Amino acid sequence: MKRYKVAVAGATGAVGNEMIKMLESRKFPVESIKLLASERSVGKKLIYDGKEIEVELLTKDGGKGVDIALFSAGATVSKEFAPSFAADGCFVIDNSSAWRMEKDIPLVVPEVNPHDLKKDKKLIANPNCSTIQMVVALKPLHDAAKIKRVIVSTYQSVSGAGQRGIDELTAQAKAWAEDKEIPAPNKFQYQIAFNLIPQIDVFTDNGYTKEEMKMTNETKKIMGDDSIEVSATCIRVPVFRSHSENVWIETEKPLSAAQAKELFVKADGIQLLDEPESKKYPMPLFAEGMQTTYVGRIRQDISTKANGLTFWIVSDNLLKGAALNAVQIAETLVKNEIV
Ligand code: NAP
Ligand code: 3JN
């Protein structure tokens with residue numbers, strides 16, 4: 001079997017760490033691996049496949065001789081370095097928002113639009129975590145009944161804000177438990193422990209936040225259908241890992257809850273968990289570390305005469321929402337002989 005030279009840029013971060021683990025656990029055919037980060041981490045040792053690997057500085061010529069690079073070092077870093085990696089013939093799978101809405105750059109969730117991956121499209125964007133888990137669930141319903149409208153509220157864990165988000169909730173919860181003064185917010189706008197914050201990223205002119213507009217715009221692009229209208233409200237919650245979403249959809253054709261359940265059972269990447277009588281429904285605590293998107297609480301929307309359904313989705317934001325989706329894109333490049 002052919003093996004590939006791989007690089008991970010942002011290897012020391014929350015997402016980068018999961019990317020390394022995903023490459024290992026899914027046995028991606030790695031011939032060699034370079035772990036890249038900023039000057040702060042150069043020389044630090046990380047483990048890949050039982051071997052110690054020294055972190056190297058991310059530079060513009062880092063893509064030379066590399067087949068696939070997974071980037072998760074933020075949009076500014078991607079803008080600076082990813083184009084030279086791609087120019088050197090390397091497939092770059094970028095986790096940031098830097099390229100997602102560029103017309104000629106594929107924005108891919110393998111369960112939804114693997115056909116957008118092409119030999120001559122070296123730069124590939126990985127969508128936002130909240131978008132990924134939602135479109136995995138929307139795809140089978142859209143194929144069956146054509147979705148016209150989506151209303152979604154998200155409940156996003158602190159790991160979506162990186163290691164600093166995790167550290168902030170830990171410190172605040174620990175101080176509360178020890179009856180000490182709760183440390184002031186730093187990464188988040190307000191105290192996140194025992195609170196909910198209805199703001200993720202900055203506000204835009206239309207009153208929605210950037211995170212919310214990412215869900216609207218990215219969904220249309222991945223689903224290849226500009227007519228799907230999406231209104232999102234994104235909330236930060238004091239949960240360490242896994243994002244949850246409540247989704248309401250309106251479809252062109254009628255779609256019963258029973259039909260939707262059947263479609264979810266057959267769909268790639270989804271596990272149906274919907275037995276209210278035995279209290280079986282998805283929850284973030286149990287989705288952590290899992291490589292699936294859980295769907296439950298599926299029911300007809302009783303508030304409308306149109307074809308309306310509502311359901312609840314939970315997935316590990318650092319896995320399907322980031323590292324796993326990126327590695328699945330790499331696997332699709334291999335499987336379809338694109339790389
Ligand atoms: P993080 O824990 O803060 O890690 C950031 C990583 O980027 C670290 O490895 C850091 O290296 C590296 N880095 C920062 N500046 C750099 C530079 N100038 N040159 C090279 N490396 C640099 O953040 P994270 O949670 O892993 O998120 C990283 C990025 O992934 C985010 O900014 C976002 O764009 C993307 N992301 C996407 C999703 C998604 O929804 N798909 C979710 C979360 C994050 P050092 O150790 O050297 O500082
Ligand atoms: O907050 C979350 O739950 C998801 C955060 C994603 C994120 C964080 C910082 C920068 C992104 C993203 O993936 O959209 C970015 C970015 O690349 O713009």
Side-chain angles (χ1 to χ4, degrees), residues 14-15 72 74-75 95-98 100-101 107 109 112 125-138 147 149-166 168-169 172 185-223 228-250 282-285 287-288 293-297 301 310-325:
V15 176
S72 70
N95 243 285
S96 80
S97 59
R100 290 181 191 148
M101 295 315 297
L107 178 66
V109 176
V112 181
N126 201 51
N128 174 270
C129 41
S130 299
T131 312
I132 295 177
Q133 67 181 66
M134 183 170 79
V135 296
V136 167
L138 294 184
I147 295 173
R149 182 173 184 224
V150 180
I151 298 176
V152 54
S153 290
T154 72
Y155 303 73
Q156 297 182 218
S157 65
V158 294
S159 54
Q163 195 55 49
R164 283 178 58 210
I166 299 170
E168 193 153 309
L169 175 58
Q172 291 176 354
N186 183 336
K187 178 73 189 171
F188 299 114
Q189 299 84 353
Y190 293 92
Q191 177 182 316
I192 184 63
F194 318 106
N195 196 15
L196 302 177
I197 304 174
Q199 178 185 354
I200 298 184
D201 211 331
V202 295
F203 283 95
T204 70
D205 290 345
N206 65 5
Y208 285 79
T209 64
K210 261 190 171 178
E211 182 80 356
E212 291 161 354
M213 291 313 297
K214 283 175 188 173
M215 292 190 78
T216 296
N217 297 327
E218 294 177 16
T219 299
K220 291 172 190 271
K221 180 166 173 179
I222 300 161
M223 305 277 287
I228 303 176
E229 302 299 350
V230 181
S231 173
T233 304
C234 294
I235 318 285
R236 184 74 65 198
V237 300
V239 163
F240 282 110
R241 195 126 157 197
S242 297
H243 288 358
S244 307
E245 299 177 353
N246 201 73
V247 180
W248 291 260
I249 59 163
E250 193 183 312
M283 283 183 280
L285 197 56
E288 174 168 348
T293 296
Y294 294 93
V295 185
R297 300 292 326 275
D301 178 356
T310 183
F311 47 91
W312 173 248
I313 312 173
V314 181
S315 195
D316 185 323
N317 55 302
L318 295 184
L319 296 187
K320 187 56 187 167
L324 170 61
N325 197 66

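Because the structure is a prediction, the values reported are computed rather than measured.
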Main-chain N/O of Gln191 paired with Gln172 side-chain donor or acceptor, under 3.5 Å: no

Measuring only between side-chain heavy atoms, which start at C-beta, is Val158 closer than 4.5 Å to Phe188? yes

Give a yes or no on whether Phe203 atom CZ has more than 12 heavy-atom contacts from other residues, nucleotides or ligands under 6.0 Å away. yes

Quick one: does Gln189's side chain have a donor or acceptor within less than 3.5 Å of a partner on Ile197's backbone? no

Across all chains, not counting sequence neighbours, the ring-ring contact (aromatic ring centres under 6.0 Å, His included) partners of Phe194 are Trp176

Nearest heavy-atom neighbours spanning Leu196 and Pro238: CD2-CD, 3.9 Å

Per side chain to side chain contact (heavy atoms under 4.5 Å, CB included), Leu319 is matched among Gln133, Arg241, Glu288 by Arg241

Mind jotting down which residue pairs meet the side chain to side chain donor-acceptor pair (under 3.5 Å) criterion with at least one end in residues 200-209? Sequence neighbours excluded, please. Thr204-Asn206, Tyr208-Ser231, Thr209-Glu212

Smallest separation among heavy atoms of Ser242 and Asp316, with atom names: OG-CA, 3.5 Å

Please list, chain by chain and in numerical order, all residues satisfying ring-ring contact (aromatic ring centres under 6.0 Å, His included) with Phe311, sequence neighbours excluded. Phe264

Test item: Val150 and Met134 side chains (from C-beta on) under 4.5 Å apart, heavy atoms: yes

Answer whether the closest heavy-atom distance between the side chains of Thr219 and Leu138 falls below 4.5 Å. yes

Pairs where residues 155-165 contributes a residue and the test salt bridge (Lys or Arg N to Asp or Glu O under 4.0 Å) is met, not counting sequence neighbours: none

What distance do Asn186 atom CG and Ile192 atom CD1 have between them, rounded to the nearest 0.5 Å? 13.5 Å

Ser159 versus Asn317, closest heavy-atom pair with distance: OG-ND2, 3.0 Å

Closest heavy-atom pair, Val112 versus Val135, reported as atoms and distance to 0.1 Å, is CG2-O, 3.7 Å

Counterpart residues, ring-ring contact (aromatic ring centres under 6.0 Å, His included), relative to Tyr155 (two or more places apart): Trp312

Nearest heavy-atom contact between His243 and Ser157 is ND1-N, 3.0 Å

Show me the donor-acceptor pairs, under 3.5 Å and distance only, between side chains in residues 125-132 and residues at least two apart or in other chains.
{"residue": "Asn126", "atom": "OD1", "partner": "Asn325", "partner atom": "ND2", "Å": "2.7"}
{"residue": "Asn126", "atom": "ND2", "partner": "Asn95", "partner atom": "OD1", "Å": "3.1"}
{"residue": "Asn126", "atom": "ND2", "partner": "Ala322", "partner atom": "O", "Å": "3.2"}
{"residue": "Asn128", "atom": "OD1", "partner": "Ser130", "partner atom": "N", "Å": "2.9"}
{"residue": "Asn128", "atom": "ND2", "partner": "Glu211", "partner atom": "OE1", "Å": "3.2"}
{"residue": "Asn128", "atom": "ND2", "partner": "Glu211", "partner atom": "OE2", "Å": "3.2"}
{"residue": "Ser130", "atom": "OG", "partner": "Gln156", "partner atom": "OE1", "Å": "3.1"}
{"residue": "Ser130", "atom": "OG", "partner": "Gln156", "partner atom": "NE2", "Å": "3.4"}
{"residue": "Thr131", "atom": "OG1", "partner": "Glu218", "partner atom": "OE1", "Å": "3.1"}

Which heavy atom of Ala98 sits nearest to which heavy atom of Ala75, and what is that distance? CB-O, 3.7 Å

For Lys221 and Arg100, indicate whether the former's side chain and the latter's backbone hold a donor-acceptor pair under 3.5 Å. yes

